[in-house]
2 protein chains.
Amino acid sequence: MVRSVFEKSDAIGLVAEVFRELGYEGASMSEITARTKLSKGSLYHFFPGGKEEMAAEIMANIDAWFVTEMFRPLEEDEPRAAIARMWETTDSYFRSGRRICLIGAFALDETRDRFSGTIRGYFHRWIEALAGALIKAGLRGSEAKALAEEAVVGIQGALTLARALGDDTIFGRTLTRLKRGLESALE
Amino acid sequence: MVRSVFEKSDAIGLVAEVFRELGYEGASMSEITARTKLSKGSLYHFFPGGKEEMAAEIMANIDAWFVTEMFRPLEEDEPRAAIARMWETTDSYFRSGRRICLIGAFALDETRDRFSGTIRGYFHRWIEALAGALIKAGLRGSEAKALAEEAVVGIQGALTLARALGDDTIFGRTLTRLKRGLESALE
DNA sequence: GATCTTATAAACCGATCGGTCTATTAAATA
DNA sequence: TATTTAATAGACCGATCGGTTTATAAGATC
């Protein structure tokens with residue numbers, strides 16, 4: 001069989017999973033072909049720019065997903081409902097802490113230099129969108145900004161510790177704590 | 001010149017910096033030799049086991065440093081003073097957020113599988129040591145554990161966001177917030 | 001049905017990978 | 001002073017790296 005009706009969007013998802021497991025440098029082309037079952041021919045057909053283009057498209061994909069599912073709702077919808085949905089979206093996207101944040105992982109080593117704009121933009125927009133929703137819900141700007149930052153910091157930290165400790169419960173516990181923190185500030 | 005009076009402890013520090021910048025997979029032997037100015041001869045003399053041994057010794061070194069400077073003081077010294085010192089030690093070790101946590105970074109990709117014991121031990125002891133100090137300072141066990149976990153989660157998250165946003169202020173701001181959280185619980 | 005495009009497979013490429021080995025020399029020991 | 005050990009430099013090795021190319025065949029278009 002020479003043609004398996006893979007679409008580029010399928011490829012993005014499959015390759016993303018490999019980057020998530022191995023990191024940018026750890027994900028060699030041979031590991032990517034082995035784990036995705038996509039040949040080099042297919043991969044370079046979809047991503048002529050190689051690994052760098054794969055990573056860039058994956059990040060753009062993730063970013064677009066968050067914009068649609070989380071940032072724009074926070075910016076445009078009724079703030080309390082959007083915030084409530086944010087916690088659910090976060091828990092399900094990160095599979096209760098069993099899935100890491102690829103954009104956060106890329107930020108830690110020199111991979112960051114290749115994608116600094118996307119990385120900065122993702123976290124900046126998350127914090128700004130949440131802070132904006134908190135302001136619409138009645139908080140002062142300074143308090144909203146601090147709480148939004150605290151939430152995103154907590155999510156990232158909990159993802160790191162969930163992996164580091166092999167603990168399936170810390171992520172959910174952290175989300176619950178952060179959610180209560182916001183709710184008590186909004187009372 | 002053929003002998004430069006390098007000691008193994010010097011080598012550990014130099015190589016650690018390369019792993020911190022490039023990650024485990026990104027730190028190739030040629031990059032390590034280029035950045036440390038240590039030849040392959042020297043590196044394999046100090047670390048016959050190659051990259052894996054380098055990383056293992058670096059992590060053991062970091063762990064030992066934290067045990068001496070932070071965990072044991074939390075476990076043995078007067079708790080409030082030890083906690084106060086913990087914040088200072090954390091800020092100076094991570095250079096106000098400009099330096100990442102290598103052990104946290106290793107936790108995120110498959111590098112974790114090589115060193116899972118050390119990684120888990122490091123974070124577990126940090127949380128346990130801090131929780132123990134909080135209990136000695138008068139908190140209930142459950143509250144102490146939750147606050148200790150919150151502190152270590154926040155530190156890791158702030159390190160990620162400091163790098164991701166290129167923001168030199170978020171780490172200090174987070175430490176201050178976490179510190180106040182503990183203090184108000186101890187009042 | 002002929003042609004063209006899209007997708008796949010895999011042989012192949014030079015460069016770099018992690019690691020070994022030999023040579024050399026400074027310091028320690030006898 | 002002779003000998004051994006610790007440390008360094010770098011040539012060298014097979015394997016793997018990211019990437020290119022050629023071949024082939026399944027849809028799509030005409």
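The chains referred to below are lettered A, B, ... by the order of the sequence lines, with proteins before strands, and numbering in each begins at 1.
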> With nearest nucleotides of DNA chain D determined for A:E31 and A:G41 from heavy-atom distances, which residue corresponds to the more 5′ nucleotide?
Replying inline: A:E31
> Where along residues 44-58 of chain B does a heavy atom fall under 4.0 Å from DNA chain D?
Replying inline: B:H45, B:F46
> B:K8 NZ to D:dT8 P: how many Å, rounded?
Replying inline: 13 Å
> Under the side chain to side chain donor-acceptor pair (under 3.5 Å) test, which residues partner A:S30, sequence neighbours left out?
Replying inline: A:S28
>> Checking B:E69 now: which residues fulfil salt bridge (Lys or Arg N to Asp or Glu O under 4.0 Å) with it, not counting sequence neighbours?
In response: none
> By salt bridge (Lys or Arg N to Asp or Glu O under 4.0 Å), which residues pair with B:E52, not counting sequence neighbours?
Replying inline: B:R114
>> Holding to salt bridge (Lys or Arg N to Asp or Glu O under 4.0 Å), I want the full list of residues that pass it with B:R140, two or more places apart in sequence or in another chain.
In response: B:E143
> Among pairs that include at least one residue of residues 174-187 of chain B, which meet salt bridge (charged side-chain N to carboxylate O under 4.0 Å, His left out), considering only residues two or more places apart or in two chains?
Replying inline: A:E150-B:R177
>> Quick check on contacts: within residues 17-30 of chain B, what sits under 4.0 Å from DNA chain C by heavy-atom distance?
In response: B:A27, B:S28, B:M29, B:S30
>> With a 4.0 Å cutoff (strictly under), does any side-chain N or O of A:S39 reach OP1 or OP2 of C:dA9?
In response: yes
> Who pairs with B:E17 by side-chain contact (heavy atoms from CB on, under 4.5 Å), at least two apart in sequence or on another chain?
Replying inline: B:R20, B:E21, B:R99
> Rounded to the Å, how far apart are B:L43 CG and D:dG10 P?
Replying inline: 13 Å
Listed pairs under 3.5 Å, donor-acceptor, residues 163-172 of chain A side chains, sequence neighbours left out:
residue	atom	partner	partner atom	Å
A:R163	NE	B:A107	O	3.2
A:R163	NH2	B:A107	O	3.4
A:R163	NH2	B:L108	O	3.3
A:R163	NH2	B:D109	O	3.2
A:D167	OD1	A:T169	N	2.6
A:D167	OD1	A:T169	OG1	2.7
A:D167	OD1	A:I170	N	3.2
A:T169	OG1	A:R173	NH1	2.7

N/O-N/O pairs, protein side and nucleotides 12-15 of chain D side, under 3.5 Å:
none

>> Strictly below 4.0 Å: does B:S42 bring a side-chain N or O up to OP1 or OP2 of D:dT8?
In response: yes
> For B:E75, what residues pass the salt bridge (Lys or Arg N to Asp or Glu O under 4.0 Å) criterion, not counting sequence neighbours?
Replying inline: B:R125
> Is there a side-chain contact between B:R112 and B:I119, using heavy atoms and a 4.5 Å cut-off?
Replying inline: yes
> Does any pair with a residue in residues 78-96 of chain A pass salt bridge (charged side-chain N to carboxylate O under 4.0 Å, His left out), and if so which ones, sequence neighbours excluded?
Replying inline: A:D77-A:R85
> Just how far, in rounded Å, is C1' of C:dA7 from CG of A:L38?
Replying inline: 11 Å
> Are side-chain heavy atoms of A:W126 and A:T90 found at a separation under 4.5 Å?
Replying inline: yes
> Within this structure, what is the CG-to-C1' distance between A:D10 and C:dT6, rounded to whole angstrom?
Replying inline: 15 Å
